[in-house]
> 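Below is the structure I would like to discuss, written out as structure tokens.
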Amino acid sequence: MITRQDKLSILITFIMGFVAGFYFFLTGFHFEFSLIPDSKIYDDYTIEAEAYGSCSVKGCMSFQLIVSTGSYRLLTTKTEVGDIIKEGVIDRSLRNELQRMVNLNELEKQTSRRLVQKCDSKEGGVDYNFKITIDSEEYILDTCRTTVDYNSRTWTSLEKLWSYFETI
């Protein structure tokens, strides 16, 4: 049999739960669960990429990726400003490869400017621009404007990433 004391305990518990839930709702508090251990290779590691050239007729693809969480936004130039085509999380194996294979020494070499001799975008093709931010340091790899080493581990990882987004 439920006594008056039991009813009072249930009512107080309900009120406290309601107040706590309302507080969390107003402050935007949320719990974050992660299956990845906290040992990140880089604290701040993002990749932004865009295609340019002949694809502008039908809409060039671009994306933004936060490597530590694997979350991405896929965009196109044919959408309204700020429109997102798709959001999600990349495969863990691809994310781990990006963390292992992207090499700071290779990035520094490949971001140096070069004289434009031949650009696919100027000849009816497509060129790619990658902006990689690691610990607040920006590296820009551009297939038309920088000295990209197409045989490097860094470039092959970025190429896999681009191919991944093309198949989504």
Side-chain angles (χ1 to χ4, degrees), residues 28 30-168:
H30 68 280
F31 294 99
E32 192 170 309
F33 298 100
S34 177
L35 300 174
I36 303 168
D38 282 336
S39 59
K40 298 177 194 170
I41 294 176
Y42 301 112
D43 292 333
D44 176 27
Y45 182 11
T46 60
I47 299 174
E48 297 177 44
E50 64 180 345
Y52 61 95
S54 66
C55 64
S56 61
V57 174
K58 61 181 180 177
C60 295
M61 182 179 76
S62 66
F63 64 84
Q64 301 163 338
L65 170 69
I66 301 171
V67 179
S68 60
T69 62
S71 59
Y72 68 84
R73 290 185 190 167
L74 190 59
L75 310 155
T76 182
T77 55
K78 284 296 183 185
T79 59
E80 295 294 321
V81 175
D83 283 354
I84 299 169
I85 294 176
K86 189 168 187 173
E87 288 183 299
V89 177
I90 63 170
D91 293 338
R92 180 179 290 188
S93 61
L94 182 56
R95 187 172 73 211
N96 290 340
E97 180 179 336
L98 286 168
Q99 289 178 329
R100 278 191 331 269
M101 297 301 202
V102 173
N103 184 315
L104 292 178
N105 292 332
E106 287 181 5
L107 282 175
E108 287 176 4
K109 288 179 201 170
Q110 296 182 50
T111 56
S112 60
R113 306 286 276 167
R114 70 176 171 130
L115 294 174
V116 178
Q117 295 172 354
K118 180 182 174 189
C119 289
D120 291 340
S121 59
K122 293 181 180 178
E123 297 178 2
V126 178
D127 277 305
Y128 304 94
N129 182 10
F130 287 89
K131 180 174 132 185
I132 302 167
T133 305
I134 298 177
D135 292 335
S136 302
E137 193 71 32
E138 287 185 359
Y139 303 92
I140 297 177
L141 270 71
D142 191 306
T143 56
C144 181
R145 297 180 185 102
T146 61
T147 54
V148 174
D149 179 5
Y150 296 103
N151 297 319
S152 69
R153 296 179 316 169
T154 299
W155 183 256
T156 54
S157 296
L158 293 173
E159 212 170 28
K160 275 186 190 175
L161 181 63
W162 189 271
S163 297
Y164 175 83
F165 284 118
E166 284 184 326
T167 60
I168 293 181

> Please enumerate all residues that pass salt bridge (Lys or Arg N to Asp or Glu O under 4.0 Å) together with Lys109, with sequence neighbours excluded.
none

> Write down the atom of Val126, the atom of Ala51, and the distance for their closest heavy-atom approach.
CG1-CB, 3.7 Å

> Side chains of Tyr139 and Thr133, heavy atoms from C-beta outward: is any pair under 4.5 Å?
no

> Which residues satisfy the ring-ring contact (aromatic ring centres under 6.0 Å, His included) test with Phe165, sequence neighbours excluded?
Phe63, Tyr72

> Compute the centroid of each ring, for Tyr128 and then for Trp155, and state whether the two points are separated by less than 6.0 Å.
no

> Could you give me the CA-CA distance, side-chain angles and deciding distance for Ser157 and Glu97, then say whether side-chain hydrogen bond (donor to acceptor under 3.5 Å, both in side chains) is met?
CA-CA 7 Å; Ser157 296; Glu97 180 179 336; 3.3 Å; yes

> Which value, rounded to the nearest 0.5 Å, describes the distance between Lys131 atom NZ and Asp142 atom CG?
13.0 Å

> Kindly determine whether Leu74 and Glu87 satisfy side chain to side chain contact (heavy atoms under 4.5 Å, CB included), including the steps that lead there.
CA-CA 6 Å; Leu74 190 59; Glu87 288 183 299; over 6 Å; no

> Between CE of Met101 and CZ of Arg153, what distance do you get to the nearest 0.5 Å?
5.5 Å

> Look up atom NZ in Lys160 and atom CG in Leu158, then write down how far apart they are to the nearest 0.5 Å.
11.5 Å

> Quick check: does any side chain N or O of Tyr164 sit under 3.5 Å from a backbone N or O of Glu159, one acting as donor and the other as acceptor?
no

> Please give me the minimum heavy-atom distance between Arg145 and Tyr52, naming the atom from each residue.
NH1-OH, 3.3 Å

> Return yes when atom CG of Leu94 has more than 12 non-hydrogen atoms of other residues, nucleotides or ligands closer than 6.0 Å, and no otherwise.
yes

> Within the 4.5 Å heavy-atom criterion, are Val89 and Thr69 side-chain neighbours or not?
no

> What verdict does the side-chain hydrogen bond (donor to acceptor under 3.5 Å, both in side chains) test give for Glu50 and Ser62, after you've listed the backbone C-alpha separation in whole Å, the side-chain angles of each residue and the deciding distance to 0.1 Å?
CA-CA 4 Å; Glu50 64 180 345; Ser62 66; 5.6 Å; no

> Between the main-chain N or O of Asn151 and the side-chain N or O of Asp149, is there a donor-acceptor pair closer than 3.5 Å?
yes

> Starting from the C-alpha separation in whole Å, work towards a yes-or-no answer on side-chain hydrogen bond (donor to acceptor under 3.5 Å, both in side chains) for Gln110 and Ser152.
CA-CA 10 Å; Gln110 296 182 50; Ser152 69; 3.0 Å; yes

> Going by heavy atoms in the side chains, are Ile134 and Leu104 under 4.5 Å from each other?
yes

> Looking at every non-hydrogen atom in both residues, tell me the closest pair between Gly53 and Cys60 and how far apart they are.
N-SG, 4.4 Å

> Any donor-acceptor pair under 3.5 Å linking the side chain of Arg73 with the backbone of Lys86?
no

> Return the OH to CD1 distance between Tyr45 and Ile132, rounded to the nearest 0.5 Å.
6.0 Å

> To the nearest 0.5 Å, tell me how far Leu65 CG sits from Ser71 OG.
7.0 Å

> Is it true that a side-chain atom of Asn129 and a backbone atom of Ala49 form a donor plus acceptor pair closer than 3.5 Å?
no

> Mind checking the CG-OG spacing from Leu107 to Ser112? Nearest 0.5 Å is all I need.
11.5 Å

> Between the main-chain N or O of Thr111 and the side-chain N or O of Thr146, is there a donor-acceptor pair closer than 3.5 Å?
no

> Do Arg95 and Val67 have side chains that get closer than 4.5 Å, going by heavy atoms?
yes

> So Phe130 and Ile47, side chain to side chain contact (heavy atoms under 4.5 Å, CB included) or not? Walk me through it.
CA-CA 7 Å; Phe130 287 89; Ile47 299 174; 4.0 Å; yes

